[in-house]
Amino acid sequence: MVNGREPKDLSCRTQANCPEDEIVISGISGRFPKSPTMLEFTKNLYAKADLLDEMDPQWKEPFPELPETLGITGGVRKFDSPFFGVHYKQANLMDPSMKFILECNYETIIDAGINPLTLRGSNTGVFIGSTFLDMDQIFYSYEFVGAGFAITGCNRAMMANRLSFSFDFQGPSMYVDTLTSGSLTAIDVAYSAIRNGQCEAAIVGGSNVILHPFVTAQLAQMGALSKDGVTRTFDEGISGTTNSEANCCIFLQKAKHAKRVYARLVHSKSSHSGYIEEGITTPSVKMQVKLLETFYREISLDPADVAYVETHCEGLLKYDAAEVAALDAVMCRARKTPLKVGCVKSNIGNTQPCGGICGIAKVIIGMENGAIPPNINFSRPHPELKALVEGRMQVVTEAEEFRGRNFAAVNSVSFAGGISHVLLESVAKEKLNNGLPADDLPRLISWAGRTEEGVHEMFKFMASHPLDAEFVGLVHETQTETVSNNIFRGFGVFQKDVDGGNAVVLEQSVQHFPGVKRPVVWLFSGMGSQWPQMGSSLMSIPIFRRSVERSHEVLLAKGVDLIGLLTSDDPETFDNILNSFVGIAAVQIAIVDVLRALQIQPDIIIGHSVGELGCAYADGCFTAEEMILSAYSRGKVSVETKKIFGSMAAVGLGYSSVRKMLPPDVEVACRNSSTSSTISGPAASVEAFVADLKNQGVFAKEVPCSNIAYHSRYIADMGPKLLELLTEVVREPKRRSAKWLSTSVPQPKWEDEENQLSSAQYHTNNLLNPVLFEDTFAMIPNNALTIEIAPHGLLQAIVKRSKAQAVHIPLTQRGNKNNTNFFLAALGKIYMNGIDFPIQNLYPAIEFPVSKGTPMISPHIRWDHSVDWYIPPYNFQHEFNSGRCYISVSPDDLEHNFILGYVIDGELIYPHMGFIFSVWETFSNIFGQHFLDKDVEFSEIRFQNEIFLTTEKEREFLILIHPGTGYFQVIFYYAGFTCFIRKNLL
């Protein structure tokens, strides 16, 4: 008892409290040799590719013992520092490992179907396994002055801590270094932290970046590397491995939170061999056997149930023989079929602390694709690997289907004695119908990224694969709120191919988003927006259809077949004005219901004429039933009340101009804009006036109105009847909010009590009074985003002229047989203009976690890598301390390809300013500063001759600086070039 309470039992880390608390891997991303993404890595593994590069010849010159190959991921100079808010001074003094891990972490979270913003402030842990940070060896061993940026950029703890800081993760954050077992040990620490309640989820990563040859040379001198650079794991020609880069992250979550499950993390365990008389680097079969026996006993699992083991074997016979012997003793004891084994090092070399998580990546690839990726560089087992020779183990040399239970283990053994073992289980459900949606509704995809090309990359992937509803669902989950630094936003509308072919692109667009949120205006237009079949296509949207069906049930009691009139292709359907009113209202109600389901909310609501009924519904003053019945009442009095044979017409003149020209019996019914009005009056008078205006070259056109002169004195008799009907419908009038800007009441009277309510009286006045749209619309901000809600974007011409700087988006289009596509594209345009919303609410809910084989998201994230960051040369310390610096120049090198433009008389010439810049950079480094922070003045410059280059050869020149006098020489070995420059600090 502690303070009267029972202590929490932490002894059973092997068992989850319930199935929902099982730990799963839900996201992954990585950079591997010649494989910048998991997608490329997958292709290369199944293609049995050797992913190593040739060793840099400049490294072999001082270190001839280096092998012929090196595993390089590339991109060490690339980092999207603005996205992570990293100052350029810090970015220049940050080890590339940290940069890779930051980007991989973001990709991993997105890959899990999680928006990173939803994890801010969460109890998420970070555990990064790594060993060598080459830049800290450079900067810590040299008197480098950088205002502390070297400490925050190269300190190993910052590998995890900066990630926690950048993403606001508030769980444990630690760097794990157990040499070559580092990343698998990090998984073990994370596993314990989640089991013990220290964190709810965890990012686990591994990193190895090679910036200089020293570590590789040390490994070669230890005899750990193959001279020809080939890793022949398990093979009779076993001779070592090669040093390689890799960076990889996985996301661990509890099953109840996971939207994707690559694998269940069944168990994890780590230990150490302890004292061994032969030395610390001697492997212990006994201790490896002990860990494995304890491991499987703790989870009550027969090791024979494990189908595959991804080993640590790295091509060193002493270590590999010990590992194989230990696995044989435990995993093959009662096995009826050979244990399948492999090692990803045969493809990518030894990625040191990242090796374990690279093995995890390979196993995940196998589980997702249903086949274990093959080993390469293997023909016959080495005679000392008895389990392989005698057939108890078998190396996977061709892609091979998982057999038996879906368990796979990953083993890691450090040459310093660390031992780690992880067991994974494939538990994902099988994908049905290849993931094709069960419905025919096109899928709207929104995507935000750092560059325009990056957004297009996602849509390109979508268009090159069959439409997968689960993949779409994961993408939707990641885009509910846009990360602010993703400054390009786009959308695509994709239709499934019924025969299972690639998705059909219906529309796509990408634009830069400056980050300014526009006020959202819901604009409800009125009469004139109706057209035959205006609801047919939109009925394919479930929310829209359910809304219409509810309105349909309300009107059935009135004898109105709402669905019939919305889907009828009879051109005379809307000759009956009542059909027009209820049809427009039903569509507006349904669209509002869709927008509400998408959590798109207005800042301002404006209605034109009968569109103010839509305002009442949008403002919460009307229920859907009250709105549809109010529209029915308006139509009923229009049909049943005796009135003149009237007409209405649209005129291309503003109110101030047209009112002076009107015949006495014609009125301005709608003040639309400074260049647009609608007139109303007796049909003959309106017709004559329209003809007169046309003769004067003024636009004028009669509009359908069922020969009713709305918003004029000629319909005054409708008022009492409409008031009576609306009083029955609107029994408890609600107060209008400040969002709703009236177009039927002059602004000076907005504060009058009777105009504060959405009452029967208010809407009766709306019918009788002129529409003051011009006056009210002028009040909205110039940068507004207007969304027109009606069967057709009737007011687009008016609003675009009135507010040219605003963005105006109609949701529907007259006569469009595929109005659903138009509607979805309109939603995409709303997203592009800064409005985030849960698109997934449009579609049937996805049952998470998604099925096995759902494509990864992480490979399709692109960064802004337009800037090359500073990476010091491997001989930085020695050369810069002595004032010497060798610089190699090749037009094929991206760093120097700018010189291709310096051609005189057909000769390629190295520009003088290139030398000046190199001198500036070298001199700044002597003083431990970045060149942008070191002001210099050049004088007494003398160039002896031009330096001619060729595209075939790499050239080298030497910079010699005398720190005391400020004189220096630049010697170009192929031309005898020398220049002397006097330099003084400003």
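FYI, side chains are in, hydrogens and waters are out, and symmetry mates aren't considered; it's all heavy atoms of this structure.
Contact between Ala597 and Asn841 at its shortest, heavy atoms only, is O-ND2, 2.7 Å. Closest approach of Leu441 to Pro542, counting heavy atoms only: CD2-CD, 3.9 Å. Closest approach of Gln479 to Ala448, counting heavy atoms only: OE1-N, 3.1 Å. Between Val686 and Ser680 the shortest heavy-atom distance is CG2-C, 4.2 Å. Nearest approach of Leu842 to Ile543, heavy atoms of both residues: CA-CD1, 4.3 Å. In plain terms, the two heavy atoms of Glu667 and His711 that are nearest each other are OE1-O, 4.1 Å.
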From CA spacing to verdict: side chain to side chain donor-acceptor pair (under 3.5 Å), His456, Gln508:
CA-CA 9 Å; His456 280 299; Gln508 112 181 25; 3.1 Å; yes
Assess the residue pair Ser737 and Asp619 against the criterion (side chain to side chain donor-acceptor pair (under 3.5 Å)); give the C-alpha distance rounded to whole Å, side-chain angles, the decisive distance to 0.1 Å, and a yes or no.
CA-CA 7 Å; Ser737 76; Asp619 201 36; 2.4 Å; yes
Show, in sequence, the C-alpha distance, side-chain angles and deciding distance for Lys749 and Asn755, and conclude whether the side chain to side chain contact (heavy atoms under 4.5 Å, CB included) test is met.
CA-CA 7 Å; Lys749 295 184 178 182; Asn755 296 326; 3.7 Å; yes
Passes side chain to side chain donor-acceptor pair (under 3.5 Å), Asp575 versus Ser706? Steps please.
CA-CA 6 Å; Asp575 288 350; Ser706 296; over 6 Å; no
Could you walk me through whether Lys460 and Glu453 satisfy the salt bridge (Lys or Arg N to Asp or Glu O under 4.0 Å) test, starting with their C-alpha distance in whole Å, then the side-chain angles of each, then the deciding distance to 0.1 Å, before giving a yes or no?
CA-CA 10 Å; Lys460 179 181 177 181; Glu453 295 76 16; over 6 Å; no
Go through it in stages, so that I can follow the logic: the residues are Asn766 and Arg634, the test is side chain to side chain donor-acceptor pair (under 3.5 Å), and I'd like the CA-CA distance, side-chain angles, deciding distance and then a yes or no.
CA-CA 11 Å; Asn766 170 279; Arg634 191 162 176 144; 2.7 Å; yes
One pair to check against side chain to side chain contact (heavy atoms under 4.5 Å, CB included): Arg801 and Thr675. What are the steps and the verdict?
CA-CA 9 Å; Arg801 285 195 297 267; Thr675 59; 3.3 Å; yes
Test side chain to side chain contact (heavy atoms under 4.5 Å, CB included) on Gln588 and Met627; report intermediate values, then the result.
CA-CA 10 Å; Gln588 290 177 328; Met627 179 176 170; 3.6 Å; yes
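A heavy-atom distance below 4.5 Å is found between the side chains of Val475 and Trp447. The closest side-chain heavy-atom distance from Leu653 to Leu693 is below 4.5 Å. No side-chain heavy atom of Leu795 sits under 4.5 Å from any side-chain heavy atom of Thr786. Taking the side chain as every heavy atom from C-beta outward, Trp522 and Ile604 never approach each other to under 4.5 Å. With contacts defined as side-chain heavy-atom distances shorter than 4.5 Å, the pair Glu507/Lys829 qualifies. The shortest side-chain heavy-atom distance between Val637 and Glu640 does not fall under the 4.5 Å cut-off. The closest side-chain heavy-atom distance from Asp440 to Ser540 is not below 4.5 Å. Two residues are said to be in side-chain contact when any heavy atoms from C-beta on lie closer than 4.5 Å; Ser673 and Ser802 meet this criterion.
Between the CG atom of Leu772 and the CD atom of Gln747 there is a distance of 10.5 Å, given to the nearest 0.5 Å. With rounding to the nearest 0.5 angstrom, the CG atom of Leu741 is 8.5 Å from the SG atom of Cys615. Rounded to the nearest 0.5 angstrom, Phe544 CZ and Leu538 CG are separated by 4.5 Å. Atom OG1 in Thr451 sits 6.5 Å away from atom CG in Asp864 (nearest 0.5 Å). Interatomic distance, NZ of Lys800 versus NE2 of His808, reported as 8.0 Å (0.5 Å rounding). Annotation: the span from Glu788 atom CD to Thr812 atom OG1 amounts to 7.0 Å, rounded to 0.5 Å.
A donor-acceptor pair under 3.5 Å is absent between the side-chain atoms of Tyr762 and the main chain of Ser744, judged by distance alone. Proximity of a side-chain donor or acceptor of Ser568 to a complementary backbone N or O of Asp570 within less than 3.5 Å is detected. Judged by distance alone, the side chain of Gln530 and the main-chain N or O of Pro791 form no donor-acceptor pair under 3.5 Å. For the pair Asn115 (side chain) and Leu117 (backbone), a donor-acceptor distance under 3.5 Å is present. A distance-only check finds no donor-acceptor pair linking the side chain of Ser609 to the backbone of Gly526 [under 3.5 Å]. For the pair Lys660 (side chain) and Val658 (backbone), a donor-acceptor distance under 3.5 Å is absent. Side chain of Thr776 to main chain of Ser742: a donor-acceptor pair is present (N/O by atom type, distance under 3.5 Å, no hydrogens or angles). Using a distance-only test at 3.5 Å, with no hydrogens or angles considered, a donor-acceptor pair links the side chain of Asn485 to the main chain of Pro82. A donor-acceptor contact shorter than 3.5 Å links the side chain of Tyr714 to the backbone of Asp665. Counting only distance, with no hydrogens or angles, the side chain of Ser446 and the backbone of Tyr831 share no donor-acceptor pair below 3.5 Å.
Sorted by first and then second residue, the pairs that involve residues 591-647 and meet ring pair (Phe, Tyr, Trp, His ring centres under 6.0 Å), not counting sequence neighbours, are His608-Phe773, Phe622-His763.
For the side-chain hydrogen bond (donor to acceptor under 3.5 Å, both in side chains) test with Asn782, the passing option among Lys803, Gln805, Arg518 is Lys803; the others fail. In summary, of the residues considered (Ser674, Cys670, Ser656), a side chain to side chain contact (heavy atoms under 4.5 Å, CB included) with Glu774 occurs for Ser674 alone.
Residues passing the ring-ring contact (aromatic ring centres under 6.0 Å, His included) test with Phe488 are His512, sequence neighbours excluded.
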In a table with atom names and distances, give each donor-acceptor pair under 3.5 Å that connects a side chain of residues 720-728 to protein atoms at least two apart or in another chain.
{"unit_1": "Thr727", "atom_1": "OG1", "unit_2": "Leu723", "atom_2": "O", "d": "2.6"}
{"unit_1": "Glu728", "atom_1": "OE1", "unit_2": "Arg731", "atom_2": "NH2", "d": "3.0"}

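Dense packing is recorded around CD of Gln696, with more than 12 heavy atoms of other residues, nucleotides or ligands lying under 6.0 Å away. The environment of Lys734 atom NZ is dense: over 12 non-hydrogen atoms of other residues, nucleotides or ligands sit within 6.0 angstrom. Atom CD of Glu457 has more than 12 neighbouring heavy atoms from other residues, nucleotides or ligands inside a 6.0 Å radius.
Judged purely by distance below 3.5 Å, without hydrogens or angles, the side chains of Thr678 and Tyr710 never pair a donor atom with an acceptor atom. A donor-acceptor contact closer than 3.5 angstrom is absent between the side chains of Gln756 and Asp752.
A salt bridge links Asp439 to Arg443: one of the charged nitrogens lies within less than 4.0 Å of a carboxylate oxygen. The residues Arg736 and Glu612 are annotated as not salt-bridged, no charged nitrogen and carboxylate oxygen being separated by less than 4.0 angstrom. The pair Arg550-Asp593 meets the salt-bridge criterion, since a charged nitrogen lies less than 4.0 angstrom from a carboxylate oxygen.
Under a cutoff of 6.0 Å and an axis angle of 45°, Arg489 and Phe513 form a cation-pi pair.
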